[in-house]
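Side chains are part of it too, since the values below use all heavy atoms of this structure and drop only hydrogens, waters and symmetry mates. Chain letters run A, B, ... following the sequence lines, proteins first and then strands; every chain starts at 1.
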There are 2 protein chains.
Amino acid sequence: MAVTIKDIAKKLNISYATVSRALRDSPEISQDTKEKVKKAAKEMNYQPNAIARGLVTKKTKTIGLILPDITNPFYPQVARGVEETANQEGYSVFLCNSNYENEKEKAYIDLLISKKVDGIILAPIGEESLKWNHREIPIVIIGRKNVCPQENFVVIDDKKGGYLATEHLIKNGHSKIMFIGGKEKVESNKERLEGYKLALNKNGIQLDANLIRNDHFKRESGHILMKKALQEGIAATAVFAGNDLLALGVLQAIYEYGLKVPQDIAVVGFDNIPTAELPEISLTTIAQPKYKMGVLATQMLLVKIKNPTHRCESIILTPELIVRKTSI
Amino acid sequence: MAVTIKDIAKKLNISYATVSRALRDSPEISQDTKEKVKKAAKEMNYQPNAIARGLVTKKTKTIGLILPDITNPFYPQVARGVEETANQEGYSVFLCNSNYENEKEKAYIDLLISKKVDGIILAPIGEESLKWNHREIPIVIIGRKNVCPQENFVVIDDKKGGYLATEHLIKNGHSKIMFIGGKEKVESNKERLEGYKLALNKNGIQLDANLIRNDHFKRESGHILMKKALQEGIAATAVFAGNDLLALGVLQAIYEYGLKVPQDIAVVGFDNIPTAELPEISLTTIAQPKYKMGVLATQMLLVKIKNPTHRCESIILTPELIVRKTSI
DNA sequence: AACATTAACGCAAACGTTTGCGAAAGCTTC
DNA sequence: GAAGCTTTCGCAAACGTTTGCGTTAATGTT
């Protein structure tokens with residue numbers, strides 16, 4: 001159906017090996033026939049078959065990107081970062097949503113290996129990923145650092161971020177601070193909670209387990225969790241949310257309850273998603289360089305692909321506290 | 001390196017054709033050897049090579065998704081829709097951002113064809129796409145309807161949406177209504193503007209070209225455009241923004257200018273992105289069923305892939321006006 | 001008992017490239 | 001003008017599957 005290398009070889013009465021080489025500007029081919037071949041290729045609207053090429057070269061110029069949920073506003077920017085830098089080098093990227101499910105994550109890894117991607121960028125759910133880190137395929141982890149110690153990763157220091165957020169609230173006079181987080185098993189959630197606990201501890205504040213609640217990394221969860229807490233008449237003057245989506249839900253609950261932010265309750269989030277900076281929201285949060293993380297992860301993956309033996313260093317980015325109006 | 005079908009055959013002392021058939025549960029193979037083969041495959045950690053398979057079957061179980069910008073909060077949900085329904089059928093999806101550039105769009109289409117995707121879902125920029133609609137590859141257009149009349153599409157009625165939005169403002173007593181849109185060449189922008197004009201016309205309101213401004217489908221553009229308009233001392237009591245991102249920028253400009261929404265200026269957007277429904281924002285807008293659009297487009301594409309001759313009907317979804325607090 | 005049928009499997013081609021190696025020219029050099 | 005070198009190209013194998021067809025042995029039919 002589609003025109004192949006053989007078709008243009010036949011037309012030009014040369015071997016298809018020559019066509020192949022001419023199209024890729026091999027030095028073995030004379031300028032003369034190169035031009036002839038390229039001209040014919042254009043005329044016949046030849047499109048190289050990457051599948052056939054991949055079979056022999058064992059390179060597909062393709063990478064896989066596994067995210068929990070592209071719908072979480074944190075991820076589109078990192079996805080954009082990886083897609084753009086991958087594309088610059090001629091790579092395509094498979095988008096996979098693990099939906100915060102370990103089984104789906106594993107299924108996607110297997111699928112990507114079957115599809116012979118050259119590498120994988122993975123934002124893992126939990127420690128489960130440890131089990132398949134022995135793969136022969138280059139991989140870089142994004143957003144977690146303890147999961148696969150032997151693999152490369154690019155992360156922000158979640159614990160420090162949690163610490164910064166909580167410390168900020170404490171310095172503003174709060175001592176009854178809630179932590180509203182996502183799935184308990186998720187590494188980043190744990191780390192942020194650790195940071196929270198550390199800040200309380202360092203400031204001599206007693207840990208109150210009733211102030212710590214977890215559900216999902218979604219706005220609805222923040223809404224429900226906070227609503228429930230308010231109805232319980234919880235004694236808190238501030239809340240540190242595990243991510244900005246949760247914070248938005250928290251804000252909504254407080255709003256609906258008729259309380260004022262930050263006067264009655266202060267709130268700080270995590271991620272610095274685009275809506276956090278809207279003047280109407282103005283959410284104090286911990287910023288992650290999302291796009292940059294995507295770029296860095298991809299660059300790192302590409303060097304690993306091109307040079308499998310090369311031992312590159314992982315990257316830990318430092319989180320930044322961005323103070324806006326929900327906390328002060 | 002990786003274990004192949006031949007390795008299994010060698011170990012079991014049978015032909016690799018038999019292994020291939022056994023693994024795919026061909027009826028020609030006895031239950032006995034099927035089990036033996038599958039057992040060996042599992043033991044040897046065999047992973048089928050989708051590249052090799054694709055070369056002979058001419059099916060890659062892969063589709064391409066070309067979006068203008070995954071960073072626009074409208075798209076992650078449609079992306080999720082296509083990814084999920086594609087995955088259910090065993091398909092993977094390539095994510096491509098055209099960045100609202102025709103050249104990138106074209107380059108991606110060529111790339112996807114080279115990679116032998118089984119089909120493409122395209123959210124096109126402009127009419128340029130007309131040029132490559134003769135491809136031999138199944139394609140469904142998302143978000144535009146006039147671009148490739150002979151291709152299948154799933155869209156909402158942009159013109160009607162623009163009409164609904166403008167009419168809503170008019171019914172609330174506004175007659176000086178700005179239109180702040182995205183790229184002028186983009187079909188959906190045009191259509192929405194047409195709807196705007198139609199509503200004005202039907203209500204006997206004179207069209208004022210000075211009230212119509214276009215830039216990009218980004219918040220910054222809305223911000224800049226509105227800021228400029230306010231500084232010019234524009235006489236408008238309402239604005240219809242081409243999408244919600246623009247509307248957010250408009251809101252910001254009004255906010256910074258010290259005016260009140262909707263008392264001083266009413267605004268309505270388009271898309272109903274997640275942040276539009278936040279209580280602090282509460283943006284009146286035209287809703288599109290984003291996730292559903294992704295699902296429908298993918299389903300349509302899959303039937304075209306499985307049955308190329310099948311002539312399926314395109315889908316035009318009706319937009320819905322969602323009245324919130326920025327307009328009333 | 002002879003033949004036809006069926007079940008189960010092997011052979012080998014094919015998919016569209018890339019690539020190591022060999023071969024045929026053309027060109028130098030003495 | 002023979003030897004050697006370069007340039008330019010063709011041959012054929014290889015990548016890991018799928019699949020049409022042929023083959024064998026077992027079973028069924030008369």
Side-chain angles (χ1 to χ4, degrees), chain A residues 1-38 40-41 44-62 90 110-111 113-118 136-137, chain B residues 1-38 40-41 44-62 90 110-111 113-118 136-137:
Chain A
M1 194 97 282
V3 28
T4 78
I5 229 174
K6 295 193 180 184
D7 295 324
I8 106 172
K10 206 163 293 175
K11 180 173 184 181
L12 263 45
N13 236 19
I14 56 179
S15 84
Y16 53 87
T18 304
V19 176
S20 171
R21 282 189 258 252
L23 288 175
R24 281 172 305 121
D25 269 324
S26 163
E28 303 186 71
I29 306 296
S30 72
Q31 203 58 38
D32 201 44
T33 59
K34 270 185 194 174
E35 283 169 12
K36 249 186 274 180
V37 168
K38 286 179 183 176
M44 303 171 71
N45 192 28
Y46 167 75
Q47 313 250 103
N49 184 327
I51 296 296
R53 177 179 299 172
L55 187 56
V56 26
T57 63
K58 295 181 171 304
K59 296 279 171 199
T60 53
K61 286 277 191 175
T62 293
D110 283 342
L111 182 62
I113 289 179
S114 261
K115 298 237 169 161
K116 298 295 166 188
V117 296
D118 296 336
E136 65 284 356
I137 189 172
Chain B
M1 195 95 281
V3 26
T4 79
I5 230 175
K6 295 193 180 184
D7 296 325
I8 299 179
K10 207 164 291 174
K11 180 173 183 182
L12 262 45
N13 237 20
I14 55 180
S15 84
Y16 52 88
T18 304
V19 176
S20 171
R21 282 189 257 253
L23 288 175
R24 281 173 304 121
D25 269 324
S26 164
E28 301 187 71
I29 304 297
S30 72
Q31 203 57 37
D32 201 44
T33 59
K34 270 184 192 173
E35 283 168 12
K36 249 187 271 180
V37 169
K38 286 179 182 175
M44 302 170 73
N45 192 28
Y46 167 75
Q47 313 251 102
N49 185 326
I51 297 296
R53 177 178 301 173
L55 186 56
V56 26
T57 63
K58 296 181 171 301
K59 296 280 170 198
T60 54
K61 286 279 191 173
T62 294
D110 283 341
L111 183 60
I113 289 179
S114 262
K115 297 237 168 162
K116 298 295 166 188
V117 295
D118 295 336
E136 65 285 356
I137 189 173

| remark: Out of D:dC15, D:dG10, C:dC9, minimum distance to the side chain of A:Leu55 belongs to D:dC15
| Which atom names give the shortest non-hydrogen contact between A:Val3 and A:Tyr46, and what distance separates them? | O-CD1, 3.3 Å
| Counting only N and O atoms by type, is there a donor-acceptor contact under 3.5 Å from the side chain of B:Ser114 to the main-chain atoms of A:Gln47? | no
| task | Round to a whole Å and report the spacing from CG of B:Asp32 to C1' of C:dC9. | result | 13 Å
| query | Counting only side-chain N and O atoms of A:Ser20, is one of them less than 4.0 Å from OP1 or OP2 of C:dT18? | reply | yes
| message | Rounded to whole Å, please give me the gap between CG in A:Leu23 and C1' in C:dT18. | response | 12 Å
| query | Where do B:Leu55 and A:Ala52 come nearest, in terms of heavy atoms and distance? | reply | CD1-CB, 3.7 Å
| field | Spacing of A:Lys116 atom NZ relative to C:dT17 atom C1', expressed in whole Å | value | 17 Å
| task | Report the nucleotide, chosen from D:dC15, C:dT18, D:dT18, that has the shortest atom-to-atom distance to any side-chain atom of A:Ile5. | result | C:dT18
| Main-chain N/O of A:Lys115 paired with B:Lys61 side-chain donor or acceptor, under 3.5 Å | no
| task | Round to a whole Å and report the spacing from CD1 of A:Ile8 to P of D:dG10. | result | 12 Å
| remark: To the nearest angstrom, the CG-P distance between B:Asn49 and C:dC15 comes to 18 Å
| Taking every non-hydrogen atom, the tightest pair across B:Lys59 and B:Asp118 | CA-OD1, 3.5 Å
| remark: In short, B:Ala9 meets B:Ser15 closest at the heavy-atom pair CB-C, 3.9 Å
| field | side-chain contact (heavy atoms from CB on, under 4.5 Å) assessment of B:Asn49 paired with B:Thr4 | value | CA-CA 8 Å; B:Asn49 185 326; B:Thr4 79; over 6 Å; no
| field | OP1 or OP2 of D:dT18 under 4.0 Å from side-chain N/O of B:Arg24 | value | yes
| query | Base, sugar-phosphate, or nothing: which does A:Ile51 touch, judged by heavy atoms less than 4.0 Å apart? | reply | nothing
| said: Less than 4.0 angstrom between a side-chain N/O of B:Ser30 and OP1 or OP2 of C:dC9, yes or no? | reply: yes
| said: Please report the distance, rounded to the nearest Å, between NZ in A:Lys36 and C1' in D:dT8. | reply: 12 Å
| message | Without decimals, in angstroms, what is the distance between B:Ile113 CD1 and C:dG16 P? | response | 16 Å
| task | Starting from the first five and the last five pairs of the helix from C:dA1-D:dT30 to C:dC30-D:dG1, work out the angle between the resulting helix axes, to 10 degrees. | result | 50°
| request: Would you indicate which nucleotide in D:dG16, D:dT18, C:dT18 comes nearest to any side-chain atom of A:Tyr16? | output: C:dT18
| Between D:dT18 atom P and B:Lys6 atom NZ, what is the distance in whole Å? | 13 Å
| task | Please report the shortest heavy-atom distance between A:Ile51 and B:Gly54, naming the atom on each side. | result | CG2-C, 4.1 Å
| said: Please check this pair: side chain of A:Ser26 against backbone of A:Ile29, looking for a donor-acceptor N/O pair closer than 3.5 Å. | reply: no
| query | Within less than 4.0 Å of OP1 or OP2 of C:dG10, is there a side-chain N or O belonging to B:Ser15? | reply | yes
| Under-4.0 Å side-chain N/O to phosphate OP1/OP2 contact, A:Lys58 with D:dG16 | yes
| Reading nucleotides 21-28 of chain D from the 5' end, what letters show protein touch, with B for base, S for backbone sugar-phosphate only, - for no heavy atom under 4.0 Å? | --------
| A:Pro27 or B:Val56, whichever maps to the more 5' nucleotide of DNA chain D | A:Pro27
| said: Can you tell me if B:Thr33 touches the phosphate of C:dC9, counting only side-chain N or O atoms and a distance under 4.0 Å to OP1 or OP2? | reply: yes
| N/O (side chain, A:Tyr46) to phosphate O (OP1/OP2, C:dT17) under 4.0 Å | yes
| task | Looking only at non-hydrogen atoms, find the nearest pair between B:Thr60 and B:Lys116 and report the distance. | result | OG1-O, 2.6 Å
